[in-house]
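One structure is given here, and the rest of the page talks about it.
Given the structure is predicted, the values throughout are model-derived calculations rather than measurements.
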Amino acid sequence: MEHKEYKSVNKPVRKKDAMQLLLGKPVYLDDITPKDALVVKILRSPHANAVIQEIRTDAAMKVPGVAAVYTWEDVPKNRFTIAGQTYPEPSPYDRLILDRHVRFAGDAVAIIAAETEKAALKAMKLIKVKYEILQPVLDFRTAKDHPVLVHPEEDWFPPCPVGGDSRRNLVASDVNSDGDVDEVLSQCDIVLDRTYHTKAFSQAMMETFRTYTELDRYGRLHVISSTQIVFHCRRILSRALGIPMSRIRVEKPRIGGGFGAKQTAVCEVYPAFVTMKTGRPAKLIYSREESQIAGSPRHEMEIRVRLGADKDGRIRGIDLYTLSNSGAYGEHGPTTVGLSGHKSIPLYTGNLEAYRFGYDVVYTNLQAAGAYRGYGATQGIYALETTVNELAEQLSIDPTALRDINMVKEGMQMPAYYNEPANACALDRCMEHCRKMFGWEEKYPVRDMGNGKVRAAGVAMAMQGSCISNVDVGSATLKLNEDGTYNLIIGAADMGTGCDTILAQMAAECMDCQVEDVAVFGADTDSSPYDSGSYASSTTYITGKAVERACSQLKEKIRSTAAELLGCSPQETVFEGKQVRRLDTGKTVSLEEIGYKSQVNSTQALEVTVSHSSPISPPPFMVGMAEIELDKETGLVTILDYMAVVDCGIPVNPALARIQTEGGIVQGIGHTLTEDVRYDRKGRPMGSSFMQYKLPTRLDIGTLKVEFEHSYEPTGPFGAKSIGEIVINTPAPALTHAIYRATGVWHRELPITPEKIALSLKTEAKHP
């Protein structure tokens with residue numbers, strides 16, 4: 001393992017945008033875009049499944065200040081997907097900008113554009129819609145081959161063969177395996193067969209979905225959006241609007257959080273359509289309610305795990321089946337589901353003789369799901385890790401010791417992870433480190449505190465990836481200025497993750513300069529080099545490697561220009577950060593002199609663009625441990641301690657890595673204990689504000705402690721792997737385990753609310 005001392009990398013450098021944010025400077029979309037744009041609002045369907053028979057907009061158009069009202073009759077008829085994924089998208093083309101057939105309560109019915117918000121809202125109330133109400137498909141367990149079709153249209157189109165069939169309400173379906181899992185399970189001493197249910201949790205980022213659009217001075221559509229995927233967004237708009245990509249420019253300002261929600265083009269098409277029709281600037285800002293009921297939440301999943309082991313604790317066979325609820329549209333449906341098996345089963349490569357992983361992704365008449373940090377791995381890890389904890393309890397083996405003998409270790413090949421190698425894996429050291437830091441020996445035994453309160457602890461492991469292997473592309477442009485500083489231009493999107501800062505640290509390390517000497521710009525489809533965007537935890541690993549390679553190539557160009565000034569060949573020079581030295585004479589030229597030389601009678605631009613992609617996706621690993629106090633009277637769970645140790649290779653910026661981990665853990669705690677997604681019997685959402693959709697605050701968390709175990713990933717920049725997503729994956733199984741320890745009851749549905757705990761204890765008391 002290599003781990004040398006760096007000047008800029010592996011240092012807690014202050015974020016590039018920290019001061020603007022702290023001082024409240026205008027950086028977000030609504031701060032920096034003009035106020036005199038048309039206000040765009042969406043009239044939404046109150047029904048889960050209906051066809052518009054008649055829609056009357058004449059009264060709405062008479063409201064002073066209303067510029068336009070558009071219905072399904074006014075929009076292009078090109079089916080498209082809003083999933084921000086690399087072309088050809090695995091998600092089916094199943095949307096129109098506005099459709100006569102509305103498929104969930106919250107689906108778009110009409111677009112209103114007005115001079116003021118007041119006028120737009122007044123007009124919205126005056127639009128008269130007559131619906132033919134159809135029977136909705138609301139239970140995803142009965143959706144496959146249901147007599148009611150969510151997408152009966154003839155022009156439903158799957159760009160990739162992912163096993164989808166709109167005539168069966170199927171978005172995607174597949175089975176893959178290694179070895180004979182049924183045979184192996186039949187030989188095991190103990191087989192657990194368990195089913196788990198996770199709901200469609202909302203990303204609940206602080207900045208809601210929002211987009212500003214205008215025609216620029218060349219008549220091109222200029223889109224400024226709070227998005228993670230500028231290049232995919234351009235392609236989505238081109239297809240939806242039926243205009244060439246060359247006529248569209250998409251850029252993103254500072255983003256107020258995304259967590260995957262903004263990997264889907266949730267709202268961009270509506271103001272873009274208004275601008276194309278009216279020629280005027282338009283702005284759409286979703287309310288919190290709209291973000292909750294018509295956003296792109298996590299996929300609801302039901303996961304069945306069959307786990308076989310010997311009585312000594314060796315896990316020999318895993319059979320996992322996932323049923324995923326894509327909702328009314330298919331974006332990210334085919335891709336999220338794979339992670340539920342491929343990012344959970346490989347954790348137990350140690351003694352595994354066979355595995356099988358099958359899945360179905362179905363359409364229902366509920367809000368369409370999308371991408372959310374963890375992207376399917378979160379659901380699969382919750383199910384598998386909870387089953388492993390139950391195995392440990394049944395065999396009376398310490399659950400950390402059970403994992404010691406079964407976990408994946410460095411150098412192993414992982415059949416369930418596309419046969420990729422674990423080049424860098426410190427999972428065993430994460431477990432040991434977390435045990436010590438947490439005090440597992442003292443906290444694992446259940447402690448009765450009197451007064452109905454019990455203390456208990458739970459544990460879980462997790463893994464994720466560092467990109468989509470053989471697909472994701474990261475790019476960087478690096479250029480030298482005449483004052484000896486650099487510009488780094490990227491297409492990856494910093495959404496509060498700090499990637500602008502991290503990539504600048506890498507450039508500074510390679511070019512032997514200060515981080516302040518690297519100005520970062522992005523992301524903008526007109527000026528940034530192509531980048532798939534910020535998702536799949538790929539920015540540090542993929543775009544970071546592009547930065548590293550760009551630096552290496554730029555150094556060669558700098559030496560070449562310096563050689564002209566020094567009157568020698570480039571091979572006779574050495575790059576020394578602020579200068580280039582001629583080896584035989586010791587004569588030097590400064591970076592400033594080289595920069596100016598590139599502007600005078602020069603045929604060589606001192607700039608480089610490099611793209612990078614990877615054939616593998618090295619997983620980061622993590623162990624999390626939770627200590628809770630549970631009140632048996634009320635079912636209330638109080639988190640006392642949450643401790644985590646993460647292996648993300650070499651952390652590029654340990655301070656930002658720690659903050660990422662803490663934030664992800666808190667989101668995972670929210671999923672597990674408080675965030676409850678509920679619908680009424682007609683499929684209408686019941687929790688559309690933060691009054692009902694309860695997010696954890698700092699007061700709900702207790703002590704949070706995060707540390708790192710270094711491994712060195714040879715294919716990553718400076719030995720780095722990803723950290724963005726893995727950090728959300730351990731709270732659900734660790735807390736479920738602790739709740740079982742405190743109550744003797746396994747909960748198999750998230751969230752585990754106080755009511756569920758209290759009721760399960762009453763049931764337990766009735767039937768001891």
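Side-chain atoms of Met431 and Trp440, non-hydrogen and from C-beta on, never get closer than 4.5 Å to each other. Using a 4.5 Å heavy-atom threshold, the side chains of Thr674 and Pro696 count as touching. Residues Phe438 and Val459 are not in side-chain contact: their nearest non-hydrogen atoms beyond the backbone lie 4.5 Å or more apart. Residues Met461 and Met463 form no side-chain contact, since every pair of their non-hydrogen atoms from C-beta on lies 4.5 Å or further apart. Between Leu192 and Val305, every side-chain heavy-atom pair lies at or beyond the 4.5 Å cut-off.
Residues satisfying the side chain to side chain donor-acceptor pair (under 3.5 Å) test with Gln135, not counting sequence neighbours, are none. Ser166 meets the side-chain contact (heavy atoms from CB on, under 4.5 Å) test with His151, Trp156; sequence neighbours excluded. For Ser177, the side-chain contact (heavy atoms from CB on, under 4.5 Å) criterion is met by Arg356, not counting sequence neighbours. Applying the salt bridge (Lys or Arg N to Asp or Glu O under 4.0 Å) rule to Asp178 yields no partners; only residues at least two apart in sequence or on another chain are considered. Under the side-chain contact (heavy atoms from CB on, under 4.5 Å) criterion, Thr730 pairs with Ala460, Ala462, Met622, Tyr642, not counting sequence neighbours. Not counting sequence neighbours, the partners of Tyr693 by the side chain to side chain donor-acceptor pair (under 3.5 Å) test are Glu675. Every residue was checked against the side chain to side chain donor-acceptor pair (under 3.5 Å) condition with Ser538, not counting sequence neighbours, and none meets it. With sequence neighbours excluded, the residues satisfying side-chain contact (heavy atoms from CB on, under 4.5 Å) with Thr386 are Tyr196, Tyr382, Pro733, Thr736, Trp746. Partners of Asp647 according to the side chain to side chain donor-acceptor pair (under 3.5 Å) rule, which considers only residues two or more places apart in sequence or in another chain, are Ser711, Lys721.
Between the side chain of Gln379 and the main chain of Gly376, a donor-acceptor pair closer than 3.5 Å is present. Asp631 places no side-chain N or O within donor-acceptor distance of the main-chain N or O of Leu636, the cut-off being under 3.5 Å. A donor-acceptor pair is defined here as one N or O able to donate and one able to accept, closer than 3.5 Å; such a pair exists between the side chain of Gln413 and the backbone of Asn419. Under the 3.5 Å distance criterion, the side-chain polar atoms of Arg304 are left unmatched by any main-chain donor or acceptor of Glu302. Side-chain atoms of Arg167 come within 3.5 Å of backbone N or O of Pro152 as a donor-acceptor pair. Remark: the backbone N or O of Ala354 is not paired with any side-chain donor or acceptor of Asp180 at under 3.5 angstrom. Counting only distance, with no hydrogens or angles, the side chain of Asp472 and the backbone of Cys467 share no donor-acceptor pair below 3.5 Å. Looking only at distances, a side-chain donor or acceptor of His299 sits under 3.5 Å from a matching main-chain atom of Gly370. Panel note: side chain Gln203, backbone Gly258; no donor-acceptor pair is recorded below 3.5 Å. Looking only at distances, a side-chain donor or acceptor of Ser722 sits under 3.5 Å from a matching main-chain atom of Gly465.
Listed by first and then second residue, the salt bridge (charged side-chain N to carboxylate O under 4.0 Å, His left out) pairs that reach into residues 733-754 are Glu390-Arg748, Glu393-Arg741, Glu749-Lys756, sequence neighbours excluded. Residue pairs meeting the ring-ring contact (aromatic ring centres under 6.0 Å, His included) criterion with at least one member in residues 662-682, sequence neighbours excluded, are Phe201-His671, Tyr372-His671. Residue pairs that meet the side chain to side chain donor-acceptor pair (under 3.5 Å) test with at least one member in residues 614-624, sequence neighbours left out, are Tyr417-Ser617, Tyr541-Ser614.
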Thr335/Gln85 under side-chain hydrogen bond (donor to acceptor under 3.5 Å, both in side chains): CA gap, chis, key distance, verdict | CA-CA 9 Å; Thr335 42; Gln85 293 178 292; 2.7 Å; yes
Run the numbers on Thr387 and Arg194 for side-chain hydrogen bond (donor to acceptor under 3.5 Å, both in side chains), then give the verdict.
-> CA-CA 7 Å; Thr387 311; Arg194 302 289 181 259; over 6 Å; no
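Closest approach of Ala742 to Lys632, counting heavy atoms only: O-CE, 3.3 Å. Scanning both residues, Thr322 and Ser340, for their nearest heavy atoms gives OG1-OG, 2.9 Å. Taking all atoms of both residues into account, the shortest heavy-atom contact from Ala83 to Glu331 is CB-CB, 3.5 Å. Of all heavy-atom pairs between Lys409 and Asp404, the closest is NZ-O, 2.8 Å. Gly295 approaches Pro297 most closely through the heavy-atom pair C-CD, 3.8 Å. When all heavy atoms are compared, the tightest approach of Ala143 to Thr364 is CB-CG2, 4.0 Å.
The aromatic rings of His737 and Tyr444 are tilted relative to each other, their planes meeting at an angle between 30° and 60°. In this structure, Tyr375 and His332 have perpendicular ring planes: the angle between them is above 60°, well past the 30° mark.
In summary, Arg429 and Glu432 do not engage in a salt bridge, as defined by a charged side-chain N under 4.0 Å from a carboxylate O. We find that Asp680 and Lys682 are not joined by a salt bridge, their nearest charged nitrogen and carboxylate oxygen being 4.0 Å or further apart. In this structure, Asp676 pairs ionically with Lys199, as a charged nitrogen and a carboxylate oxygen lie closer than 4.0 Å. Of the charged side-chain nitrogens involved, none lies within less than 4.0 Å of a carboxylate oxygen, so that Glu725 and Arg373 do not count as a salt-bridged pair.
One distance of note links CG of Asp107 with CD of Gln367; it measures 10.5 Å at 0.5 Å rounding. The structure places CD of Glu410 at 9.5 Å from CZ of Phe621, a figure rounded to the nearest 0.5 Å. How far CG of Leu750 is from CD of Glu300: 11.5 Å, rounded to the nearest 0.5 Å. Here CD1 of Ile381 is found 4.0 Å from CG of Asn729. Values are rounded to the nearest 0.5 Å. A distance of 9.5 Å separates CG in Leu427 from CZ in Arg403, rounded to the nearest 0.5 Å. Between the CD1 atom in Ile665 and the CD atom in Gln660 there is a gap of 11.5 Å [rounded to 0.5 Å].
A side-chain hydrogen bond (donor to acceptor under 3.5 Å, both in side chains) with Arg316 holds for exactly one of Asp189, Asp310, Asn351; it is Asp310.
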